Participant: 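Could you have a look at this structure, given as structure tokens, before my questions?
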Amino acid sequence: MQKRLIVANWKMNPQTSTEAKELLVSVLSDASDFKNIELVICPPFVYFSSISAMIYDLSSKFQVSLGAQNMHWEQKGAFTGEISAQMLKEFGVEYVVEGHSERRWIMGETDEMINKKIKTALKSGLIPILAVGEKERNNFDSSGRHINTADDVVIDQLTRALDGVPVSKIKDVVIAYEPVWAIGTGLADNPDDALSVSLLIRKVISKMTDDKTARAIKILYGGSVNSKNIAEFLKQDGIDGALVGGASIDKDEFTRILEIVSSL
Ligand code: PGA
């Protein structure tokens with residue numbers, strides 16, 4: 001069975017490097033018991049130096065790697081406050097999240113920027129985790145009829161983010177379906193609906209590449225994942241893992257999540 005990919009997005013947490021190390025130690029202390037999991041930890045950049053060695057040491061016992069929450073598309077230069085792919089690689093970073101809704105909607109990232117970042121990540125040997133998802137759960141047309149915007153938004157974001165990416169490289173992209181309304185709200189999507197978006201993503205990828213790639217590409221679900229609902233998402237045949245925010249910085253909750261995933 002393919003390993004489940006669990007990505008811990010710590011966002012702008014915790015507040016000190018001591019806490020960051022403690023969180024990592026407590027989550028990974030039982031790591032060698034966790035089966036069938038590939039874990040990616042995405043801490044804030046400033047913790048990379050204290051955390052990367054710990055992750056590297058553990059990686060011989062357990063499949064764990066370091067991820068970044070963002071990067072710039074240029075390799076170097078006058079981009080105040082930004083981080084390049086090369087800088088990430090120096091810390092052994094393997095994955096980079098691109099197009100997270102908090103970057104799209106709070107920091108104003110556009111599909112064009114995300115597209116450039118995906119291309120740079122792939123060229124630099126980093127695995128992009130492309131986040132896509134609709135903003136509102138319910139949309140109604142002028143006559144009050146419910147309309148499904150999820151499909152249109154996901155197709156549009158996916159097409160724009162992967163525009164011009166060499167076909168042979170698309171298989172290396174991980175796609176995270178993260179409905180924005182589910183992020184940090186405690187209102188996770190319904191696993192059947194998440195599966196239907198995942199199937200839609202595979203259809204779009206199949207058109208861009210071929211059926212084999214569409215079947216093989218990794219698709220994650222993200223948005224209020226916790227120990228109570230993760231099993232329902234991962235039991236779905238087309239969902240290969242999860243992008244976990246809030247629950248990934250709660251050591252007991254995240255350990256429980258890893259235990260559940262390894263028992264599936
Ligand atoms: P959440 O965040 O698990 O706290 O909803 C998920 C994410 O933002 O990736």
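All values below come from the heavy atoms of this structure, side chains included, with hydrogens, waters and symmetry mates left out. Owing to the predicted nature of the structure, the values given are computational and were not obtained by experimental measurement. We count ligands from 1, going down the list as the structure has it; atoms in each ligand are counted the same way.
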Participant: Could an N or O of ligand 1 be found under 3.5 Å from any N or O of K11, whether backbone or side chain?
Facilitator: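 Yes.
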Participant: For atom CD of E82, is the number of surrounding heavy atoms from other residues, nucleotides or ligands below 6.0 Å larger than 12?
Facilitator: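 Yes - once you tally the heavy atoms of other residues, nucleotides and ligands closer than 6.0 Å, there are more than 12.
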Participant: Measure across K218 and D240 and return the closest heavy-atom pair with its distance rounded to 0.1 Å.
Facilitator: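 K218 and D240 have their closest heavy atoms at CA-OD2, 3.3 Å.
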Participant: Considering non-hydrogen atoms only, spot the tightest contact between W10 and A20 and give its length.
Facilitator: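 Heavy-atom minimum between the residues: CH2-O, 3.6 Å.
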Participant: Regarding E38 and K3, does a basic nitrogen lie under 4.0 Å from an acidic carboxylate oxygen?
Facilitator: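 A salt bridge is absent here (no side-chain N lies under 4.0 Å from a carboxylate O).
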Participant: Tell me the closest heavy-atom pair linking S224 and A182, and the distance in Å.
Facilitator: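 For S224 and A182, the tightest heavy-atom pair comes out as OG-O, 2.6 Å.
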Participant: Should you measure from each heavy atom of N9, which atoms of ligand 1 turn up under 4.0 Å away?
Facilitator: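 This gives 9 (O) as the contact atoms.
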Participant: If you define the side chain from C-beta out and look only at heavy atoms, does anything of T120 sit under 4.5 Å from L122?
Facilitator: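 Counting from C-beta outward, T120 and L122 never come under 4.5 Å.
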Participant: Answer yes or no: does atom NZ of K169 have more than 12 heavy-atom neighbours from other residues, nucleotides or ligands under 6.0 Å?
Facilitator: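 It does not: K169 NZ has 12 such atoms or fewer within range.
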Participant: Counting both backbone and side chain atoms, is some N or O of G222 under 3.5 Å from an N or O of ligand 1?
Facilitator: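 Such a contact does not occur with ligand 1.
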Participant: How far is atom 4 (O) of ligand 1 from the closest protein heavy atom, and which atom is that?
Facilitator: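 Looking only at protein heavy atoms, the one closest to atom 4 (O) of ligand 1 is G246 N, 2.8 Å.
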Participant: With atoms numbered from 1 as shown, which atoms in ligand 1 lie under 4.0 angstrom from a non-hydrogen atom of G184?
Facilitator: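 The atoms of ligand 1 under 4.0 Å from a heavy atom of G184 are 1 (P), 4 (O), 5 (O).
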Participant: Considering the heavy atoms of H100, write down every atom of ligand 1 situated less than 4.0 Å from one of them.
Facilitator: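 Reading through ligand 1 atom by atom, the close ones are 7 (C), 8 (O), 9 (O).
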Participant: In this structure, would V197 and V153 fall into the same cluster of hydrophobic residues linked by side-chain contacts under 4.5 Å?
Facilitator: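 They do not share one cluster, since no chain of ILVMFWY contacts under 4.5 Å joins V197 to V153.
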Participant: Report yes if some N/O of G245 lies less than 3.5 Å from some N/O of ligand 1; otherwise report no.
Facilitator: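 For ligand 1, there is an N or O atom that lies under 3.5 Å from one belonging to G245.
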Participant: S224: heavy atom below 4.0 Å from ligand 1, yes or no?
Facilitator: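 Yes, S224 has a heavy atom closer than 4.0 Å to ligand 1.
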Participant: Among all the protein's non-hydrogen atoms, which is closest to atom 9 (O) of ligand 1, and how far away is it?
Facilitator: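 Atom 9 (O) of ligand 1 sits closest to the protein heavy atom E178 OE2, 2.7 Å.
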Participant: I'd like to know if A247 contacts ligand 1, where contact means a heavy-atom distance under 4.0 Å to any ligand atom.
Facilitator: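 Flag not set, A247 not near ligand 1.
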Participant: At less than 4.0 angstrom from any non-hydrogen atom of G223, what atoms of ligand 1 do you find?
Facilitator: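 Matching atoms, with element in brackets: 5 (O).
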